[in-house]
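In what follows, a single structure is set out as structure tokens and then discussed.
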Amino acid sequence: MSDLILRGIRKDYGKVRAVEGVDLTFTHGELTALLGPSGCGKTTLLRMIAGLEDPTAGSLRLGGTDLTDVPAHKRKFGMVFQNFALFPHLNVRENVCYALIIDGVAKARAHEKAHELLDLVQLSAFADRRIGALSGGQRQRVAIARALAQEPEIFLLDEPMSALDANLREAMQVELRMLQQRLGITTIVVTHDQREAMTMADKIVVMSSGRVEQFGPPQDIYHKPQNAFVADFIGRANFFDGVIRNKTIEAAAFNLEAATLNFTEGAPVRVAVRPEQVHLDGTLPQGNRVPAQVTFVRDVGATRDIHLETPLGRLIVEYALGEKARAYALGEEVEVHLPPKALYVYPAADPIPSAA
Ligand code: ATP
């Protein structure tokens, strides 16, 4: 029952700082997703955890054991790579027991173990198949079974779904999550896909430019984003700028209330609000109302997006398309309500990634 603890982990490649000052505790038995845009340092961090890269600074501990200088093959960590890295000249069973046989496990025992694992990933019927004769999803399951063969203490996966098509990816996310829960194995998954992270993870590490922006359960990351980067990267957000006046946000001559405002008078702020939390339909509550004009409407399956031009700038409103959803004409004058609780307020200096 050991947690994996990272302290002050840094990685420099020459002048490139790929990972900077990472302090994280991966709780025993939990699945954590490392999430962030391309180049933010997710893979480098995972490879340092695996022992495939040496940190430039910092330490890594599993329970009471310092692993910082322990080489990869002595860490007892299982790893699944983006391209699965299976041996094409071996069949499914041989792929799964390869490492056991190298470790000196008797062939009969190794085969028995391989069958248990193939059962677990529902591939028993494919034990004699060549790797080339498997689908992408089946290959991924072989890679998972192979990584679990040595009963790793920590299970690491680098973009495990990226080679799969969209439908299969969703099914495999659920399968992998169920398997991980059944085994109770501490697991770390690198992904750039927020839905994947939300589907599978107990906790999410949101990274940008080598740093941890936020670490916590998916619902906290979504509903309590700590900065503008996280608000924008996870889910969708409208942004507008304002200034603190009399404990309200003054923006384009409107005074908006926010549930919490920990800023001094006159401080410039950047405000985020999620499209599904802006009210447009029905009777609007008093206060925090802004006039708007409809510029674009689009139905996306079960939801409708309405783009509005407002004094605060462009806002997108999203709502579920029920039977009574009313139509909006282009150019129509409307009013929106921005609930005080839905306004996330940050210092104006907080960068918005999508505006970069
Ligand atoms: P992606 O999602 O695109 O795989 P990532 O978040 O996994 O990206 P990393 O691969 O960890 O990002 O890279 C982080 C930074 O370190 C990038 O700027 C990358 O160019 C740099 N980097 C990674 N590996 C090396 C290396 N071997 N030599 C020099 N720079 C590297």
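Keep in mind that the numbers below use all heavy atoms, side chains included, and drop hydrogens, waters and symmetry copies. Residues: numbered from 1 along the sequence shown. In each ligand, atom 1 is the first atom listed, and ligand 1 is the first ligand listed.
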Next item on the list: Name all residues meeting the side-chain hydrogen bond (donor to acceptor under 3.5 Å, both in side chains) criterion together with Tyr98; count only those two or more places apart in sequence or in a different chain, and write none if there are none.
Entry: none

Item checked: Close residues, ligand 1: non-hydrogen atom nearer than 4.0 Å -> Tyr13, Ala18, Pro37, Ser38, Gly39, Cys40, Gly41, Lys42, Thr43, Thr44

Item checked: Contact list for residues 271-292, test ring pair (Phe, Tyr, Trp, His ring centres under 6.0 Å), sequence neighbours left out -> His279-His337

Notebook entry, point to check: Which heavy-atom pair separates Leu338 from Leu343 by the least distance, and what is that distance?
Noted result: CB-CD2, 4.0 Å

Next item on the list: Apply side-chain contact (heavy atoms from CB on, under 4.5 Å) to the pair Phe155 and Leu176, showing each step before the final yes or no.
Entry: CA-CA 11 Å; Phe155 190 25; Leu176 179 61; 4.3 Å; yes

Notebook entry, point to check: Using 30° and 60° as the class limits, which term best fits the ring planes of Phe233 and Phe229: parallel, tilted or perpendicular?
Noted result: parallel

Next item on the list: Quick one: list whatever passes side-chain hydrogen bond (donor to acceptor under 3.5 Å, both in side chains) with Arg245, sequence neighbours left out.
Entry: none

